[in-house]
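Whatever order the structure lists them in is the order used to number ligands and atoms, beginning at 1.
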Amino acid sequence: MPIDGISLPQHIAIIMDGNGRWAKQRGLVRTEGHKKGAEVFRKICRYASDIGVRYLTFYAFSTENWKRSKQEVGAIMDLLRNYLFEMEERERENEGSGYRIRFIGAREGMPADIVELMDAAEARSADKTHMHINIAVNYGGRAEIVHAARLLGEQIKAGALQPEEITEERLSALLYTADQPDPDLIIRPSGEQRLSNFLVWQSAYAEFYYDDVLWPDFTPEDLDKAILAYAKRDRRFGGVQSQ
Ligand code: IPE
Ligand code: IPE
Ligand code: MG
């Protein structure tokens with residue numbers, strides 16, 4: 001492992017992008033790219049767990065991705081269903097992982113059977129501690145902040161909170177990522193250099209790493225490269241440069 005001796009980012013977030021272009025390059029339908037992307041997701045989870053990453057967040061489906069064709073959205077939902085079934089199956093055979101899973105994003109609007117499976121997977125993994133995996137599904141960073149703002153509004157309406165008591169900590173505690181550290185490193189493959197509504201609040205001081213490789217071609221070595229690049233950054237958080 002080339003990253004031996006390097007201090008790892010505690011929380012890595014990945015925008016799994018480029019599935020459609022990967023398929024197109026091969027003359028395949030877009031859904032084939034998503035299928036391959038889902039395999040790469042599993043591989044990267046295993047690798048990150050092996051090297052000791054504590055928090056790993058994946059952007060799987062955004063609030064804006066509903067704009068895609070019914071067929072493509074359906075195929076992505078099927079892949080998610082398969083993953084959830086597979087998780088259950090593995091656990092039944094006692095081959096479960098040590099991952100604590102959290103699905104971040106709005107449950108409203110998601111197929112009811114998937115919501116049930118997601119809730120069950122979260123509950124079953126609640127006492128796992130080896131690695132935390134967040135999967136962002138029907139996720140939008142702005143929607144997440146609006147959701148938290150509404151909850152604060154309700155507390156104020158109920159007389160349980162004063163407006164001046166709203167702090168960054170209180171708002172953070174109402175986000176889907178409550179109790180988790182902010183991402184240290186955000187990786188986006190596929191050559192795009194934008195956030196696309198991912199972790200809008202949490203990325204305030206994240207380091208960004210862009211890679212031209214398409215997600216279905218992303219390998220553990222690519223993750224190593226991103227981690228090595230991160231290790232060379234000087235994070236100042238508004239302070240002065242370290243020596
Ligand atoms: C990412 O790959 C997967 C989702 C957004 C669901 P894309 O499907 O966006 O792939 P490109 O960007 O079209 O290549
Ligand atoms: C971001 O990718 C969302 C996911 C990877 C799930 P998109 O492909 O949807 O983003 P844009 O449209 O290129 O900004
Ligand atoms: Mg894309």
Which atoms of ligand 1 have any heavy atom of Asn19 under 4.0 Å away? 1 (C), 2 (O), 3 (C), 7 (P), 10 (O), 14 (O)
So, is Asp17 placed with an N/O/S atom under 2.8 Å from the Mg ion (ligand 3), counting both backbone and side chain? yes
Test of understanding: given a 4.0 Å heavy-atom threshold, classify the contact between Phe61 and ligand 2 as side chain, backbone, both, or neither. backbone
Looking only at distances, please establish whether an N/O atom of ligand 1 is found under 3.5 Å from an N/O atom of Asn65. no
Check: Ser62 N/O within less than 3.5 Å of ligand 2 N/O: no
Check: His11 side chain, Pro181 main-chain N or O, donor-acceptor pair, under 3.5 Å: yes
Using heavy atoms and a 4.0 Å limit, tell me yes or no: is Ser190 in contact with ligand 1? no
Of the side chain and backbone of Ala60, name the one, both, or neither that has a heavy atom under 4.0 Å from an atom of ligand 1. backbone
Is the shortest distance from a Lys or Arg side-chain nitrogen in Glu89 or Arg92 to a carboxylate oxygen in the other one below 4.0 Å? yes
Considering heavy atoms of the protein only, find what lies nearest to atom 13 (O) of ligand 2 and give residue, atom and distance to 0.1 Å. Arg194 NH2, 2.8 Å
Using modelled atom types only, decide if a donor and an acceptor are shared between the side chain of Asp184 and the backbone of Gln10 within a distance under 3.5 Å. yes
The atoms of ligand 1 lying under 4.0 Å from a heavy atom of Arg68, numbered in the order shown, are 4 (C), 5 (C), 7 (P), 8 (O), 9 (O)
Can you tell me if Arg21 has a non-hydrogen atom under 4.0 Å from ligand 2? no
Just grab all the ring pair (Phe, Tyr, Trp, His ring centres under 6.0 Å) pairs involving residues 88-146, residues at least two apart or on different chains. Tyr55-His132, Tyr59-Tyr139
Which protein non-hydrogen atom lies closest to atom 1 (C) of ligand 1, naming both residue and atom, and how far is it? Met16 O, 2.9 Å
Is the closest heavy-atom distance from Glu192 to ligand 1 below 4.0 Å? no
The closest protein heavy-atom partner of atom 10 (O) of ligand 1 is Gly20 N, 2.9 Å
If we set the cut-off at 4.0 Å for heavy atoms, which region of Arg188 has an atom near ligand 2: side chain, backbone, both, or neither? side chain
Should you measure from each heavy atom of Ile76, which atoms of ligand 1 turn up under 4.0 Å away? 6 (C)
